[in-house]
S.K.: 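Below is a structure I'd like to ask you about.
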Amino acid sequence: MAFASASFLEKLRHGYRGFPSSSKAAGSSTGFLDALVELPGASRPQRCFQRTAVAVSQLKGRISEPVNAKDCIRFLACEEDERLFSALTYYNDEALRRRVATDWIEVISAIEQEVPERPGDESLSAALQADLEDWSNWCTEVGEVYIYFAFLDMKGDRGLLMQVVKHLQMLLDVPSISSLIANLQKTRRWAQATWRMMAQQENAELLGRQHVQMLQQWLLVAKENAAAELPEHGLKQSWETCFSGLQKVPWHDFVDSLQEQFLKGFCPKDLLQPLRRRLIKDGDHVTRQHWELLLDAYSDSISDILDALLEEALEQLPWAVYRVGPSDWRGISSSALSRGDAQPSSSRGARRSAKSESSRRGPLCCARAARSKVQLGLSDGAARAENSHGKGVKELEEGSHTPEDPRVHLHPVEAGQKIHWDAYVDELCRAEMRWWTVDDSDRMEEDQLRLAALRAVNSELVITRKALLLRVASGEMAKNRPIVEFGGEPQQLPAVLVSPNEITMSPTVTKFGRGSKRKMMLPDMFMNEPIASRSHFSISFDVKSERYQVADAGSKWGTFLKVQPAGTKLSCGDWIRIGNAEMVVRFCGSTCKSKRHFRGGPSLQMRFMNSFSGLGSLNQLSLVPDEEEPEDLPVQGLLSRTRAWSSSAVDKMCHHPGLQSEKTRINPLAHTGPAPLPWAPLELDFVSGPCMGQRISVTEKVCTIGRADSCTIQISDPMLANVSRTHCMIRNDGHSTKIMDNNSTNGTWKRLSCVLEPSQPQELRDGACLLAGVHEFRVEEAEMSRDWIPSVAGRTLQLAART
């Protein structure tokens, strides 16, 4: 018995427009009732029609002729990897929703007309209305979570992305992350629509409501993890567990330890900002004292700290979504968003004005400073002072060749293939996972849409084409690294790319180190050498100045910047490396603004005393230190306590031309008090190398350092000839003291900070050289020919798939 007219059967055969077709479903000939009854229990979206299936099953035996109506319910019986597309289509197409409801009502009405109800039968119409409402709610929930997922991809929040990925997987009832990725890769159309929505700052209330819910859900899980991982000896002991021997650590290292020890995952970015305000008072470092004070304020309770952070984050909620929130929802409270009182609004927010890409972006620019060997030039006064020692710098340079330091060339390393810079950038873009499609077409249009959305969203990602290439001159990091070339400039050294968005854990920060057993405290770039610290140094991108900066993380063996021939100013506490000799500037003559004046004044006081052996005898010079050095020096344990002074330095001071002039010559018979020097002396303390333990005072305006006998300070190691004949020079111009490299073979290096003390970020320029462990990097600035914005959601999905 046929239960429908010919026009209705025709409608069933063609199915519903707008839903994906399934080859498996199209080839089947299952009856309408059989298909509907088999659906419930198979998956979450199909279980929405449980009531209708039960009601229809009661009528199945009274219908003799099944109808081939599989197309009618194709959106329910779709393949596993098409569920997300079906839900998004239903959620975004209002006309389709009306057609689906109308067609379903016609199907049920036809069945009810042909098969009269019996006592006890459930009403098909009532069951269908309830099921359609459940289906619509499910599609709405999937659509809103999908929009929020795309928003977090732009925001760069990995902590909440991991949570949303699990929520999407549960909603779609897919068994694995691979199945979820397959669903997402068919949503290109809706991803583009979401980027346009974010670029116009629409649906701010929807995003705010989702953000509050996800933050609250994350907090519940985080509290459970924190309670389970509470150390036996209290929270304060956690500092010593991760940062043994350190009193101050960089902010990103502290965050990684917090996530590893207590949260067991990434922390939402909006909670890190109030935590940073509580812990950092100056600079970019967290001190042990401030961490312990915070624990004392909240009675050593991580849960109470997280509650306080969330409360402060919710107060700043409007600014957590868009950079400039729409005026029509700034008055909505976070409590209203969490209750769901605020309804999604389609009103369009203010657009962010931006210059066109053609005017904002210049041609590919890669500034490279000339690295020609230029002999160190001296002023007339400096040359006269230098000639007083018998030989000039150029004359001293003649002689035996200085070999390269063998310590930084331990193992042969095989570099990768040569590649042009533009091709290298294109490969980076193609290799990045695109969760919204598997098709590589229309990439340029999509990049523009993503850039527009990124400018509107309050994101951790950075819009810049500036990058750094670290040419690896030594060390195993060069292995299999590409040799990136620019037009007309052949290169031999492999390169490591540093970009603000090329991150593993911390935003805009690329960390270098030996690594750790803790999975949340791994560096971005591994240094496989024993003298590398677990967190050795980092390169960050400063958004305000648009410059890259380098900072030591408190490593034991240090990170060094090469001193250029032009020189760099010396300050109290500076640590200099010359070959295998290292020295610390204990006093620079009070010409610097550093607070590390290891001595209160000039390091020496000269007293000329009358000798009783005869009036014509040579004056005796006694050296009296000002005061005892403080006990809390950051280099305590390394700096020598020896009070021995170099005899050559004493002799040179006695014959200094400044002390022999008419104005400064002292009559030993008429004067027994202290005689001031023409300028404040520089005091150097050698902490390693052949001069270890010596403390030398430099009184000349020009002081040469090298292995030659004629140098003011001679450094000679017969076992390791890595010091040039005239390696470097220290020059005083009356206002400050500078150290200048003399184009030495192995370079003169300045350490970024003392032992176990993190340094402040220092700007990196093109042509600079870094030395960390056995790795030597030569910095080269570059600009990408296109915007490269890695997908944080894509990386999160890949990480979830691996785990």
Side-chain angles (χ1 to χ4, degrees), residues 252 365-369 371 408-411 413-421 424-425 427-428 462 464-486 489-504 506 508-515 523-529 531-533 535-542 546-553 555 557-564 747 749-752 759 761-784 788 790:
H252 54 265
C365 172
C366 188
R368 302 172 185 86
R371 300 174 176 86
V408 295
H409 301 281
L410 299 181
H411 305 288
V413 177
E414 296 181 0
Q417 299 294 323
K418 291 186 177 182
I419 185 173
H420 192 270
W421 170 241
Y424 182 55
V425 175
E427 281 193 6
L428 289 175
V462 178
T464 183
R465 294 188 180 183
K466 294 183 178 181
L468 283 186
L469 287 178
L470 301 183
R471 301 284 182 182
V472 187
S474 64
E476 292 188 349
M477 198 178 294
K479 188 174 183 179
N480 297 328
R481 296 284 180 178
I483 302 176
V484 182
E485 294 185 331
F486 297 87
E489 297 185 13
Q491 292 286 345
Q492 299 299 327
L493 297 179
V496 173
L497 175 69
V498 175
S499 170
N501 297 322
E502 175 58 30
I503 58 174
T504 301
S506 304
T508 71
V509 177
T510 303
K511 297 185 295 183
F512 294 73
R514 180 161 47 91
D524 301 285
M525 303 292 177
F526 285 90
M527 301 167 59
N528 296 322
E529 59 219 49
I531 61 174
S533 298
S535 179
H536 201 100
F537 74 98
S538 64
I539 296 179
S540 58
F541 183 79
D542 184 65
E546 294 190 344
R547 302 294 307 180
Y548 285 90
Q549 299 175 333
V550 61
D552 187 84
S555 62
W557 297 100
T559 305
F560 295 82
L561 267 177
K562 191 173 186 179
V563 176
Q564 300 299 324
W749 304 86
K750 180 181 177 181
R751 185 165 175 160
L752 296 180
S759 68
Q762 184 170 338
E763 191 172 279
L764 274 178
R765 291 285 183 177
D766 187 85
C769 290
L770 281 172
L771 182 63
V774 300
H775 282 86
E776 181 180 339
F777 305 101
R778 300 176 185 176
V779 179
E780 189 171 359
E781 293 180 337
E783 185 171 334
M784 296 184 176
W788 179 49

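The shown structure was predicted, so the numbers you read here are calculated from the model rather than taken from an experiment. Computed from heavy atoms alone, side chains included, the values below leave out hydrogens, waters and symmetry copies.
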S.K.: Answer whether the closest heavy-atom distance between the side chains of Thr508 and His252 falls below 4.5 Å.
M.R.: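 Counting from C-beta outward, Thr508 and His252 never come under 4.5 Å.
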
S.K.: Can you tell me how far the CD atom of Glu763 sits from the CD atom of Gln549, to the nearest 0.5 Å?
M.R.: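 That separation rounds to 6.5 Å.
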
S.K.: Apply side chain to side chain contact (heavy atoms under 4.5 Å, CB included) to residues Val462 and Asn501 and explain how you reach the verdict.
M.R.: CA-CA 7 Å; Val462 178; Asn501 297 322; 4.1 Å; yes

S.K.: Measuring from Leu771:CG to Lys750:NZ, what's the distance to the nearest 0.5 Å?
M.R.: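 Taking CG in Leu771 and NZ in Lys750, the distance rounds to 15.5 Å.
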
S.K.: Using the test salt bridge (Lys or Arg N to Asp or Glu O under 4.0 Å), find all partners of Glu529 that sit at least two apart in sequence or belong to another chain.
M.R.: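 For Glu529 there are no salt bridge (Lys or Arg N to Asp or Glu O under 4.0 Å) partners, ignoring immediate neighbours.
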
S.K.: Could you grab the distance from atom OH of Tyr424 to atom CE of Met784, nearest 0.5 Å is fine?
M.R.: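 Rounded to the nearest 0.5 Å, the OH-CE separation comes to 8.0 Å.
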
S.K.: To the nearest 0.5 angstrom, please state how far the CD1 atom of Ile531 sits from the CH2 atom of Trp557.
M.R.: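 If we round to the nearest 0.5 Å, Ile531:CD1 and Trp557:CH2 are 7.0 Å apart.
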
S.K.: Please name all residues satisfying ring pair (Phe, Tyr, Trp, His ring centres under 6.0 Å) with Tyr548, sequence neighbours left out, ordered by chain then number.
M.R.: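 Partners of Tyr548 by the ring pair (Phe, Tyr, Trp, His ring centres under 6.0 Å) criterion, ordered by chain and then number, come out as Phe541.
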
S.K.: Do any N or O atoms from the side chain of Thr559 and from the backbone of Ala772 form a donor-acceptor pair under 3.5 angstrom?
M.R.: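 No, the answer is negative, given that no donor and acceptor are paired below the 3.5 Å cut-off.
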
S.K.: Please test Leu470 against Phe512 for side chain to side chain contact (heavy atoms under 4.5 Å, CB included), starting from the C-alpha separation and ending with a verdict.
M.R.: CA-CA 12 Å; Leu470 301 183; Phe512 294 73; 3.7 Å; yes

S.K.: Within a strict 4.5 Å, meaning less than it, do heavy atoms of the Phe560 and Leu770 side chains meet?
M.R.: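 They are not in side-chain contact.
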
S.K.: State, to 0.1 Å, how close Ala768 and Leu764 come at their nearest heavy-atom pair, and which atoms those are.
M.R.: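 In terms of heavy atoms, the two residues are closest at CB-CD2, 4.3 Å.
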
S.K.: Over all heavy atoms of both residues, which pair between Leu497 and Ala467 is shortest? Give the atoms and the distance, please.
M.R.: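 For Leu497 versus Ala467, the nearest heavy atoms are CD1-CB, 3.9 Å.
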
S.K.: Could you walk me through whether Arg481 and Val496 satisfy the side chain to side chain contact (heavy atoms under 4.5 Å, CB included) test, starting with their C-alpha distance in whole Å, then the side-chain angles of each, then the deciding distance to 0.1 Å, before giving a yes or no?
M.R.: CA-CA 7 Å; Arg481 296 284 180 178; Val496 173; 3.8 Å; yes

S.K.: In Å, rounded to the nearest 0.5 Å, how long is the span from NZ of Lys466 to CD of Glu783?
M.R.: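 It is 7.5 Å, given to the nearest 0.5 Å.
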
S.K.: Tell me whether Glu776 is salt-bridged to Arg778, with the criterion being a basic N under 4.0 Å from an acidic carboxylate O.
M.R.: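 Salt bridge present between Glu776 and Arg778.
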
S.K.: Testing the basics here: between Ser499 and Thr510, what is the closest heavy-atom pair and its distance to 0.1 Å?
M.R.: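 In terms of heavy atoms, the two residues are closest at O-OG1, 3.9 Å.
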
S.K.: Answer whether the closest heavy-atom distance between the side chains of Arg514 and Asn528 falls below 4.5 Å.
M.R.: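 Counting from C-beta outward, Arg514 and Asn528 never come under 4.5 Å.
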
S.K.: Should Ile419 and Ile483 be marked as a side chain to side chain contact (heavy atoms under 4.5 Å, CB included) after you check the CA-CA gap, both sets of side-chain angles, and the distance that decides it?
M.R.: CA-CA 6 Å; Ile419 185 173; Ile483 302 176; over 6 Å; no

S.K.: Salt bridge check, Arg547 against Glu781: does any charged N sit closer than 4.0 Å to a carboxylate O?
M.R.: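 Salt bridge: yes.
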
S.K.: If I take atom NZ from residue Lys511 and atom CE from residue Met525, how far apart are they, to the nearest 0.5 angstrom?
M.R.: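 Going from the NZ atom of Lys511 to the CE atom of Met525 covers 12.5 Å.
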
S.K.: Can you find a pair of side-chain heavy atoms, one from Phe486 and one from Leu469, that are under 4.5 Å apart?
M.R.: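 Side-chain contact under 4.5 Å: yes.
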
S.K.: Leu752 and Ser759: which non-hydrogen atoms are nearest, and at how many Å?
M.R.: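 In this case the closest contact between Leu752 and Ser759 is O-CB, 3.3 Å.
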
S.K.: Looking only at heavy atoms, what is the nearest atom pair of Ser533 and His536, with distance?
M.R.: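 Reported closest heavy-atom pair: N-ND1, 3.1 Å.
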
S.K.: Phe537 and Val550: which non-hydrogen atoms are nearest, and at how many Å?
M.R.: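 Closest approach of Phe537 to Val550, heavy atoms only: CD1-CG2, 3.9 Å.
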
